[in-house]
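These notes are about the structure you will find just below.
Predicted model only: the values in this text are computed from it and were never measured. Just the heavy atoms: all of them, side chains too, but no hydrogens, waters or symmetry mates, feed the values below.
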Amino acid sequence: MSPKLYFWQMESGKKLKVEALIEAPLAEVWKKWTEATHVVNWNFAHESWHCPHAEVDFQVGGTSTYRMEAKDGSFGFDLIARFLAIQDQRFIQSELEDGRAVEVYFEEAGAACKLVQYFEPETENPLELQQGGWQAILNHFKQYCEQ
C-alpha cells in the first residue's frame, strides 16, 4: 500500500506538519525513532520535561506508551498510540488513544534523512502551540541523532 493512501485518509481534514533534515543515515534515524531505549532520550518539547519511560511494541496492531513528565513532578501523562501501518524505513501510521491520526515519513536525502510528520491536532490548545511543541520534540530528536 502507498503511504499517500493513508495520508489521504486523515478524517478531520485538519492536519499539522513538522519536519527536519537529520544529518544521519536513514537506518539509524529509523532505529532511534522506533526503539524505546532511544525514545526516552529525545521525546520532550522543553528542557523542563522528560520522557522517563517508553514502551514500544513496534508492529502493526502493536502499541507505544510514552510517559511524559515535568522534571519537577508537577504534571505528567501517558501518550499512547496504536500502530496501523508500517513500511520499513519509509512510513509509520499510528492512532493516538483519542483517535487522532499521526503519520511519519522517512526519506533518504543523500547522507541525511528527511523526516516529515503529520498529526491531527487536539481541540484544547491553539494550533500554533501544538505545532511548536511537536516541532520542538522533532528538533530534540534531530539533535539526538546528530550527536
Side-chain angles (χ1 to χ4, degrees), residues 1-46 49-70 75-109 111-147:
M1 286 189 253
S2 166
K4 291 182 184 189
L5 173 65
Y6 294 106
F7 177 68
W8 179 79
Q9 289 179 346
M10 279 191 166
E11 293 179 17
S12 75
K14 288 183 184 177
K15 51 194 165 288
L16 298 179
K17 175 183 174 184
V18 295
E19 63 184 299
L21 182 63
I22 301 165
E23 298 296 330
L26 173 60
E28 181 181 329
V29 171
W30 179 264
K31 179 178 180 173
K32 289 180 177 178
W33 187 267
T34 60
E35 294 182 5
T37 56
H38 293 289
V39 171
V40 296
N41 294 301
W42 57 262
N43 193 30
F44 49 89
H46 189 269
W49 281 71
H50 64 153
C51 180
H53 181 75
E55 293 178 17
V56 179
D57 177 16
F58 191 60
Q59 62 180 330
V60 173
T63 60
S64 64
T65 302
Y66 303 152
R67 180 68 187 166
M68 313 290 283
E69 289 184 1
F75 187 74
F77 63 93
D78 290 328
L79 183 65
I80 302 170
R82 183 172 53 94
F83 297 107
L84 303 177
I86 298 169
Q87 289 184 345
D88 187 46
Q89 297 185 33
R90 296 206 47 205
F91 172 72
I92 302 167
Q93 181 189 37
S94 58
E95 181 180 69
L96 299 175
E97 68 180 332
D98 63 5
R100 293 182 295 133
V102 178
E103 298 174 352
V104 187
Y105 295 85
F106 301 78
E107 181 182 331
E108 277 189 325
C113 175
K114 181 178 180 182
L115 191 153
V116 179
Q117 185 175 35
Y118 296 93
F119 65 96
E120 288 181 302
E122 40 90 352
T123 57
E124 294 180 23
N125 293 293
L127 297 179
E128 298 79 20
L129 181 66
Q130 293 179 64
Q131 187 169 26
W134 285 59
Q135 184 66 55
I137 292 170
L138 185 54
N139 292 346
H140 282 117
F141 177 70
K142 174 182 168 64
Q143 290 172 338
Y144 178 68
C145 288
E146 293 178 349
Q147 66 183 354

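- In this structure, CD in Q131 is found 11.0 Å from CG in L138, a value given to the nearest 0.5 Å.
- Between A36 and A54, the shortest heavy-atom contact is CB-O, 3.3 Å.
- The side-chain heavy atoms of K14 and E120, taken from C-beta on, include no pair separated by under 4.5 Å.
- The structure places CD1 of I80 at 4.5 Å from OG1 of T65, a figure rounded to the nearest 0.5 Å.
- Within a 6.0 Å radius of CD in E124, no more than 12 heavy atoms belonging to other residues, nucleotides or ligands are found.
- Here F83 contributes atom CZ and Q93 contributes atom CD; the two are 11.5 Å apart, rounded to the nearest 0.5 Å.
- Side-chain N/O atoms of E107 and Y105 include no donor and acceptor closer than 3.5 Å.
- Between the CZ atom of F119 and the NZ atom of K17 there is a distance of 12.5 Å, given to the nearest 0.5 Å.
- Here the side chains of V40 and H53 are not in contact, with every heavy-atom distance at 4.5 Å or above.
- Nearest approach of L21 to A112, heavy atoms of both residues: CD1-CB, 3.9 Å.
- Summarising the geometry, atom CD belonging to E28 is positioned 10.0 Å from atom CD1 belonging to I22; distances are rounded to the nearest 0.5 Å.
- Contact of the Q117 side chain with the V102 side chain is registered, since non-hydrogen atoms from C-beta on lie closer than 4.5 Å.
- Summarising the local packing, NZ of K32 is surrounded by more than 12 heavy atoms from other residues, nucleotides or ligands at distances under 6.0 Å.
- Here the straight-line distance linking atom OH of Y66 with atom CG of N43 works out to 6.5 Å at 0.5 Å rounding.
- Distance alone, capped at 3.5 Å, is enough to place a donor-acceptor pair between the H140 side chain and the A136 backbone.
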Evaluate the criterion side chain to side chain contact (heavy atoms under 4.5 Å, CB included) for residue pair T34 and I86; output intermediate values, then yes/no.
CA-CA 11 Å; T34 60; I86 298 169; over 6 Å; no
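- A salt bridge (charged side-chain N to carboxylate O under 4.0 Å, His left out) check over residues 136-147, counting only residues at least two apart or in different chains, returns the pairs K142-E146.
- Between the D98 side chain and the R100 main chain, a donor and an acceptor come within less than 3.5 Å of each other.
- Q89 contributes no side-chain N or O that, together with a main-chain N or O of W30, makes up a donor-acceptor pair within less than 3.5 Å.
- Each of W42, F44, F106 was compared with F141 under the ring pair (Phe, Tyr, Trp, His ring centres under 6.0 Å) criterion, and only W42 meets it.
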Go through the steps for L79 and L96 under the test side chain to side chain contact (heavy atoms under 4.5 Å, CB included), then give the verdict.
CA-CA 7 Å; L79 183 65; L96 299 175; 3.9 Å; yes
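- A salt bridge is defined here as a Lys NZ or Arg NE, NH1 or NH2 lying under 4.0 Å from an Asp or Glu carboxylate O, and R82 with E95 meets this definition.
- Between the side chains of Q143 and N139, no donor N or O sits under 3.5 Å from an acceptor N or O.
- In this structure the side chain of L16 never reaches within 4.5 angstrom of the side chain of W134, judged on heavy atoms.
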